[in-house]
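As structure tokens, the structure follows; a few thoughts come after it.
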Amino acid sequence: MTQVRVRFAPSPTGFLHIGGVRTALFNWLFARQQKGVFILRIEDTDQSRSTDESIQAIIEGMKWVGLDWDEGPFRQTERIDLYRSYAMKLLEKGAAYWCVCKAEELDARRKEAEAKGLPQKYDGRCRDRGLTNQAGDAALRFKAPQEGETVVDDLIKGKIIFDNSVLDDLIILRSNGYPTYNFSVVVDDALMNITHVVRGDDHLTNTPRQIPIFEALGFPVPHFGHLPMILGSDKARLSKRHGATSIMAYKDMGYLPEAMVNYLVRLGWSHGDQELFVRQELIEKFAWKNVQTSAAVFNPEKLLWLNAEYIKTSHPDQVAQALVPLLREAGLQDEVSAMPADRLAQLVVLVKERAKTLVEMVDWVRPYLGQSVSFDEEAVKKFLTPALAPTLSKLLARFESLPMFSKQEWEATFKTFVEEEGMKIGQLAQPVRVALTGRTASPGLFDVMEVLGRDRTLFRLRQGIERASV
RNA sequence: GUCCCCAUCGUCUAGCCUGGCCUAGGACAUUGCCCUUUCAAGGCAGUAACACGGGUUCAAAUCCCGUUGGGGACACCA
């Protein structure tokens, strides 16, 4: 059995798209499972649209979701001579011919055909003219078979039959000497010994065009697999209109890469009823037969749930680490720098059930960073009332008499005090919460005190009493 | 227009290949209840789907054909 070799071949014409990440992910999972090779190849033969920033964005995105490649990144523009020489081989063999039709003429003819409702196909007028490229401005076309049929045995969709009469004589070398996509992919997939070409559904009709080129070049034809598309909520192809589609936008919004991967893999693949997978599990359980044949709607709410799930269950150190850059961005760099890593992990544990994203977590963590709190005025008005100041002072005295902080002891003390005062827990818990955190919503009161420590708890309680007294 | 792909709750999906175990399961969202010092989290319960029409069969979500609907491709883009 030959070694599996797969590739992810994006074109660098923008950021790394969510759909691209999913395609890359399926390829990567298959490669890892089969102990194969995963190749990153940049398809930049369209010079007018490709940018170096896009290449960087692709690499950055791949790294963020942890999809490492074994070979590459290769750039097609560095391999132009290769494509030219293979194109010339086809010309010599009589499997390609020069075409002097101008782009504008072709365009006009295509429009005319469209208007008449005819197939929009090259009419082959240069096919048998035996033209040479004297002027140097001809394009090279592949002589596509016109009879018989081309069969694609798709890994996902099964057997698909195309009638060769629909095949066009594709341009393989532009008049500027650069290869076109359908030719450079074939040459690269063949030369890189790709065994399985797995790409988006939108390439399905390219496959019968590419297979004859493999054959004409004398290369073995790889296996093909076509992944269904990802749609937006309106069932149209996912695009900017549907909101964030760049993978890095999700990093910025506070998503964990593992959650992203888990969500994307379940969009089109399943393993029974299982929803949560660790990466090793995905590698073991992945199978083409469980890949969905139909398109899937991207559901941001489920992604959000998954992210919350990962925030709750991931190791706190790991979450804390991912949180640091967001805290810095929020202007909390001094607080972050002053804090040992395990302190931040402790805060993560404190608030992780409440934050669905790291961005939300920044806000949840904020009250526990400094010595004093910043009060939410509404909360103060409602709970830190002058009437309550004496009670709070009595409570403060009670806590001050305890030389050491202990969650159990302080909680018991609080509850006894509430009882003595003839109050309900909630009546006093809310004011204390506001004094301690500045807000009406927080983790459990005694968990908060534990994280704050004895000194800061007492300090903030005193501050709260001051606020209540005015 | 031509060619190709697809069709189970609002959404992601299990089941389909190898018909009966399906009164169609799980998850997200949503609704109600419970827990509760707040907010969450958690627990329990509920609403909700086999696109339609024909076959084949004792029996069809599952196999076949058609219709409808959605998507994709038809470039000197990838």
Side-chain angles (χ1 to χ4, degrees), chain A residues 9-13 43-46 48-50 99 101-103 106-107 110 113-122 138-141 152 154 157-158 160-163 165-168 170-176 178-182 184-185 199-209 226 228-229 231 233 235-237 263 266-276 289-290 292-306 308 312 351-356 364 383 411 414-415 418 424-430 432-434 437 439-446:
Chain A
S11 64
T13 53
E43 310 230 319
D44 58 349
T45 53
D46 183 355
S48 58
R49 298 201 305 152
S50 301
C99 169
C101 299
K102 295 276 167 271
L106 292 166
D107 220 41
R110 195 160 30 240
E114 194 186 352
K116 289 184 182 166
L118 296 168
Q120 303 167 35
K121 185 175 154 180
Y122 177 61
L140 193 66
R141 277 188 194 268
V152 181
D154 197 273
K157 311 216 185 226
I160 305 162
I161 299 166
F162 295 88
D163 200 313
S165 63
V166 304
L167 262 31
D168 217 338
L170 296 173
I171 287 181
I172 56 177
L173 235 45
R174 299 176 172 101
S175 51
N176 67 6
Y178 276 82
T180 56
Y181 166 75
N182 275 301
S184 53
V185 245
R199 74 238 291 200
D201 227 352
D202 47 341
H203 285 286
L204 190 53
T205 52
N206 280 327
T207 308
R209 294 178 186 145
H226 290 92
M229 303 271 90
L231 311 177
S233 51
K235 304 224 176 188
R237 196 180 178 151
Y263 178 72
R266 278 285 288 105
L267 204 56
W269 174 83
S270 61
H271 185 262
D273 288 336
Q274 191 172 346
E275 295 287 351
L276 271 13
K289 71 174 173 68
N290 295 326
Q292 196 75 6
T293 48
S294 51
V297 173
F298 184 83
N299 182 352
E301 283 173 333
K302 187 154 185 181
L303 169 62
L304 188 63
W305 168 76
L306 256 170
K312 274 181 283 184
V351 304
K352 65 180 182 177
E353 261 128 56
R354 279 152 256 259
K356 289 185 191 294
W364 273 102
F383 292 108
E411 183 166 354
F414 181 85
K415 287 186 170 156
V418 164
K424 289 200 170 177
I425 287 182
Q427 285 178 283
L428 194 57
Q430 279 306 79
V432 172
R433 188 185 315 283
V434 175
T437 69
R439 339 213 239 218
T440 54
S442 83
L445 214 45
F446 306 99

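Lettering of chains follows the sequences in order, A, B, ..., and the numbering in each one begins at 1. Note that these values count all heavy atoms, side chains included, but never hydrogens, waters or copies made by symmetry.
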Does a side-chain heavy-atom distance below 4.5 Å link [X] with [Y]?
X        : Y        : result
A/Val434 : A/Thr440 : yes
A/Ile171 : A/Tyr122 : no
A/Lys302 : A/Leu267 : no
A/Leu428 : A/Phe414 : yes

Scan [X] against the nucleic acid and name what it touches under 4.0 Å (heavy atoms): base, sugar-phosphate only, or nothing.
X        : result
A/His226 : nothing
A/Pro443 : base
A/Gly268 : sugar-phosphate
A/Thr205 : base
A/Gln274 : nothing
A/Thr293 : sugar-phosphate
A/Glu43  : sugar-phosphate
A/Cys101 : base
A/Glu301 : sugar-phosphate
A/Arg199 : nothing

OP1 or OP2 of [N] versus the side-chain N and O atoms of [X]: is any pair under 4.0 Å?
X        : N      : result
A/Arg266 : B/rG26 : no
A/Lys356 : B/rA41 : yes
A/Thr440 : B/rC39 : no
A/Gln430 : B/rC39 : no
A/Ser270 : B/rA14 : yes
A/Lys235 : B/rU11 : yes
A/Lys312 : B/rG42 : yes
A/Arg110 : B/rA75 : yes
A/Arg49  : B/rA75 : no

Value in whole Å for how far the [atom2] atom of [N] lies from [atom1] of [X]:
X        : N      : atom1 : atom2 : result
A/Glu411 : B/rU37 : CD    : P     : 9 Å
A/Tyr178 : B/rC76 : OH    : C1'   : 14 Å
A/Leu428 : B/rU37 : CG    : P     : 13 Å
A/Asn299 : B/rU13 : CG    : P     : 10 Å
A/Arg354 : B/rU37 : CZ    : P     : 14 Å
A/Phe298 : B/rG71 : CZ    : C1'   : 19 Å
A/Tyr122 : B/rU2  : OH    : P     : 24 Å
A/Asp154 : B/rA73 : CG    : C1'   : 15 Å

Spacing of the [atom1] atoms in [M] and [N] (rounded, Å):
N      : M      : atom1 : result
B/rA61 : B/rC16 : P     : 14 Å
B/rA14 : B/rC6  : P     : 15 Å
B/rG54 : B/rU13 : C1'   : 29 Å
B/rG70 : B/rA78 : C1'   : 24 Å
B/rU37 : B/rA45 : P     : 25 Å
B/rG20 : B/rC5  : P     : 27 Å
B/rU68 : B/rG32 : C1'   : 39 Å
B/rA27 : B/rG1  : P     : 43 Å

Could you tell me whether a side-chain N or O of [X] sits under 3.5 Å from a main-chain N or O of [Y], the two making a donor and an acceptor?
X        : Y        : result
A/Gln120 : A/Ala113 : no
A/Asp154 : A/His226 : yes
A/Tyr181 : A/Thr45  : no
A/Lys356 : A/Trp305 : no

[options]: which one has an atom nearest the side-chain heavy atoms of [X]?
X        : options                : answer
A/Phe162 : B/rA14, B/rC76, B/rC4  : B/rC4
A/Ile171 : B/rA29, B/rC76, B/rG26 : B/rC76
A/Thr45  : B/rC4, B/rG42, B/rA78  : B/rA78
A/Leu445 : B/rU37, B/rC4, B/rC3   : B/rU37
A/Phe446 : B/rC6, B/rA14, B/rU37  : B/rU37
A/Arg237 : B/rC12, B/rG72, B/rC4  : B/rG72
A/Lys302 : B/rC74, B/rG71, B/rC28 : B/rC28

Does any donor-acceptor pair link the side chain of [X] with the base of [N] at a separation under 3.5 Å?
X        : N      : value
A/Asn206 : B/rA78 : yes
A/Glu353 : B/rG42 : no
A/Ser175 : B/rC76 : yes

5' priority, RNA chain B, between A/Arg433 and A/Ala296 [closest heavy atom]: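 On the 5' side of the pair lies A/Ala296.
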Find which nucleotide of RNA chain B each of A/Trp364 and A/Asp273 is nearest to by heavy atoms, and output the residue with the more 5' nucleotide.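 Here A/Asp273 is the residue nearer the 5' end.
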Using purine N1 to pyrimidine N3 plus N6-O4 or O6-N4 for Watson-Crick, or N1-O2 and O6-N3 for G-U wobble, each under 3.5 Å, what pairs with [N]?
N      : value
B/rG32 : B/rC44
B/rC74 : B/rG1
B/rU38 : none
B/rG66 : B/rC52
B/rG20 : B/rC58
B/rC9  : none

Closest non-hydrogen atom pair, A/Ser442 against A/Thr437: CB-CG2, 3.9 Å
Any chance the side chains of A/Asp163 and A/Ser165 put a donor and an acceptor closer than 3.5 Å? yes
